Amino acid sequence: MNNQNLKIAVTGALGRMGSLLIKEILKKKNIILSLAIVKNKSSVLHFRKQLCIKNKNVNFIICDSLKHQNKKFDILIDFSQPSASMKYLEYCVQHNKHLIIGTTGFNTIENETIKLASKKISIIQSSNFSIGINLIFNLLKDVTSIMSNNSDIEIIESHHRNKVDAPSGTAIEMGKIISKIMKIELDNNSIYHRVGNVGVRPNKKIGFSSIRAGNIIGEHTVMFANNDEEVLITHKAINRLSFIKGVIKAALWLPSQKNGLFNMKHVLNIQ
Ligand SMILES: NC(=O)c1ccc[n+]([C@@H]2O[C@H](COP(=O)([O-])OP(=O)(O)OC[C@H]3O[C@@H](n4cnc5c(N)ncnc54)[C@H](O)[C@@H]3O)[C@@H](O)[C@H]2O)c1
Ligand SMILES: O=C(O)C1=N[C@H](C(=O)O)CCC1
């Protein structure tokens, strides 16, 4: 497919990510916004007021259902919520559309369903589209392979008060990367809660802490602490454009791929 005039559908169009993504797509010459998908019809009017009045030249459809919209887009970009994402995944499989999933908070079955769907269509799923976090994902492999032997590992994430899933998708992905290098099962070796007399910290467990406060865009720290030293690896998203730039890169990359499940490591060509 020629990705010069990519036609995009965006779900969660009124959300923090969806609305910013739409604004950025509208500035691009080689990407066309075809559909803005909102949760229900009642918000369509609100959407028109919010976006179209300021931007009179826009020429896209605002809808709350993909019925009859099949021909109008090449890639669906999803920043909504897991149950909605599963519905859009099914649509993309049925209509052979590329899919980019930014939504987080999927359970094991939903993640398996996404994996299965990627046998039929090409999907990019990423818990965090920022370039910096994806570099850190790689760095974590090296640090873990050297330090996990004698260090306690803690993952600390902070986000805005409206974020509904915890730990963040990024924190979970960091845990998966670390546990894979440590050759341990993440599910049986993570600590999510500490309250009361919890006893001495066990070895070889990965701790998670989630802070929800104010308007924090997204901060992640991985701490490796032993008796002699502490290594802290931190990423702070200063604004949501850090994610959106990665999403747009991913959208331009995806159409040339065959079916499969990809992430930002593939898009950025980092091993
Ligand atoms: N991967 C990343 O880089 C990244 C970055 C930021 C946020 N996120 C994730 O993206 C998701 C959305 O984040 P947000 O901050 O934009 O949330 P938000 O609550 O501001 O936006 C979500 C929007 O989805 C809409 N929605 C719900 N069901 C829908 C449906 N069936 N059809 C269409 N729209 C529907 C909601 O009405 C809402 O407007 C979250 O899961 C978040 O964790 C991922
Ligand atoms: O704002 C959010 O919600 C974010 N969610 C992602 C996650 O769960 O890791 C990435 C950062 C922003």
Side-chain angles (χ1 to χ4, degrees), residues 1-39 43-64 66 69-81 84-85 88 92 97-104 122-135 159-160 162-163 170 215-218 235-257 262-264 266-269:
M1 185 196 299
N2 168 14
N3 70 5
Q4 275 314 293
N5 279 313
L6 265 188
K7 292 200 254 25
I8 307 275
V10 175
T11 68
L14 275 170
R16 282 172 289 273
M17 284 297 289
S19 60
L20 184 60
L21 177 60
I22 285 175
K23 282 183 193 134
E24 289 307 303
I25 291 176
L26 291 173
K27 290 181 193 164
K28 301 269 170 213
K29 292 220 162 68
N30 53 347
I31 309 182
I32 296 163
L33 179 71
S34 296
L35 297 175
I37 308 157
V38 296
K39 189 176 180 180
S43 48
V44 171
L45 189 67
H46 170 55
F47 187 97
R48 283 188 202 285
K49 276 193 190 141
Q50 196 185 50
L51 200 87
C52 300
I53 291 172
K54 283 188 218 142
N55 198 340
K56 292 214 164 76
N57 292 329
V58 293
N59 183 24
F60 58 88
I61 296 167
I62 305 161
C63 56
D64 65 356
L66 284 175
Q69 307 293 0
N70 166 22
K71 296 228 166 59
K72 301 198 174 81
F73 67 96
D74 309 306
I75 304 184
L76 186 136
I77 304 182
D78 171 63
F79 283 94
S80 58
Q81 58 180 24
S85 309
Y88 295 121
C92 287
K97 304 288 184 189
H98 304 286
L99 174 63
I100 295 179
I101 305 175
T103 302
T104 57
S122 57
I123 302 175
I124 297 176
Q125 183 183 18
S126 174
S127 59
N128 195 312
F129 282 91
S130 75
I131 309 296
I133 271 289
N134 285 279
L135 296 175
H159 285 85
H160 53 94
N162 294 305
K163 181 164 178 63
T170 311
N215 198 23
I216 302 168
I217 303 290
H235 178 269
K236 291 187 186 193
I238 307 297
N239 54 46
R240 288 191 176 84
L241 269 184
S242 57
F243 311 127
I244 299 295
K245 285 178 182 170
V247 176
I248 289 175
K249 238 182 220 303
L252 291 169
W253 179 87
L254 188 58
S256 53
Q257 306 308 312
F262 304 99
N263 57 38
M264 281 305 279
H266 301 108
V267 175
L268 299 171
N269 197 17

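Counting from 1, the numbers follow the sequence of the chain as shown. Note that the structure is a prediction, hence the values are computed from the model and not measured.
Among Leu35, Ile32, Ile25, the single residue meeting the side chain to side chain contact (heavy atoms under 4.5 Å, CB included) criterion with Ile8 is Ile25.
Note that CG of Leu21 and CG of Leu26 are 9.5 Å apart. Values are rounded to the nearest 0.5 Å. Note that NZ of Lys72 is 10.5 Å distant from NZ of Lys7, once rounded to the nearest 0.5 Å. Note: Ser127 OG to Ile133 CD1 = 8.0 Å, rounded to the nearest 0.5 Å. How far CG of Leu6 is from NZ of Lys28: 12.5 Å, rounded to the nearest 0.5 Å. The distance from the CG atom of Asn30 to the CG atom of Asn5 is 7.5 Å, given to the nearest 0.5 Å.
In plain terms, the two heavy atoms of Ser85 and Asp78 that are nearest each other are OG-OD2, 2.6 Å. In plain terms, the two heavy atoms of Gly18 and Phe79 that are nearest each other are N-CB, 4.4 Å. The two residues Asn128 and Met264 have their closest heavy-atom pair at O-CG, 4.3 Å. For the pair Ala251 and Ile75, the tightest heavy-atom approach, listed with the atom from each and the gap, is O-CD1, 3.3 Å.
For Lys249, the side chain to side chain contact (heavy atoms under 4.5 Å, CB included) test picks out Ile131, Val267, Leu268, with sequence neighbours left out. The side chain to side chain donor-acceptor pair (under 3.5 Å) check on Lys39 picks up nothing, with sequence neighbours excluded. Partners of Lys163 according to the salt bridge (Lys or Arg N to Asp or Glu O under 4.0 Å) rule, which considers only residues two or more places apart in sequence or in another chain, are Asp165. Among residues two or more places apart in sequence or in another chain, the ring pair (Phe, Tyr, Trp, His ring centres under 6.0 Å) test is passed with His266 by Phe262. Applying the side chain to side chain donor-acceptor pair (under 3.5 Å) criterion to Gln257, with sequence neighbours excluded, gives no partner residue. In this structure Ser126 satisfies the side chain to side chain donor-acceptor pair (under 3.5 Å) test with no other residue, sequence neighbours excluded.
Of the possible polar contacts, none joining the Asn215 side chain to the His160 backbone as a donor-acceptor pair under 3.5 Å is found. Side chain of Ser242 to main chain of Ala237: no donor-acceptor pair is present (N/O by atom type, distance under 3.5 Å, no hydrogens or angles). Judged by distance alone, the side chain of Ser122 and the main-chain N or O of His98 form no donor-acceptor pair under 3.5 Å.
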Exercise for the section: Assess whether side-chain contact (heavy atoms from CB on, under 4.5 Å) is satisfied between Phe243 and Ser130, documenting all intermediate values. Expected result: CA-CA 5 Å; Phe243 311 127; Ser130 75; 4.1 Å; yes
Practice task
Output, in order, the C-alpha distance, side-chain angles, deciding distance and verdict of side-chain contact (heavy atoms from CB on, under 4.5 Å) for Ile124 and Trp253.
Solution key: CA-CA 10 Å; Ile124 297 176; Trp253 179 87; 3.7 Å; yes
Exercise for the section: Test Leu252 against Ile31 for side-chain contact (heavy atoms from CB on, under 4.5 Å), laying out the working first. Expected result: CA-CA 8 Å; Leu252 291 169; Ile31 309 182; 4.1 Å; yes
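You'll find the side chain of Leu76 reaches within 4.5 Å of the side chain of Ile37, heavy atoms only.
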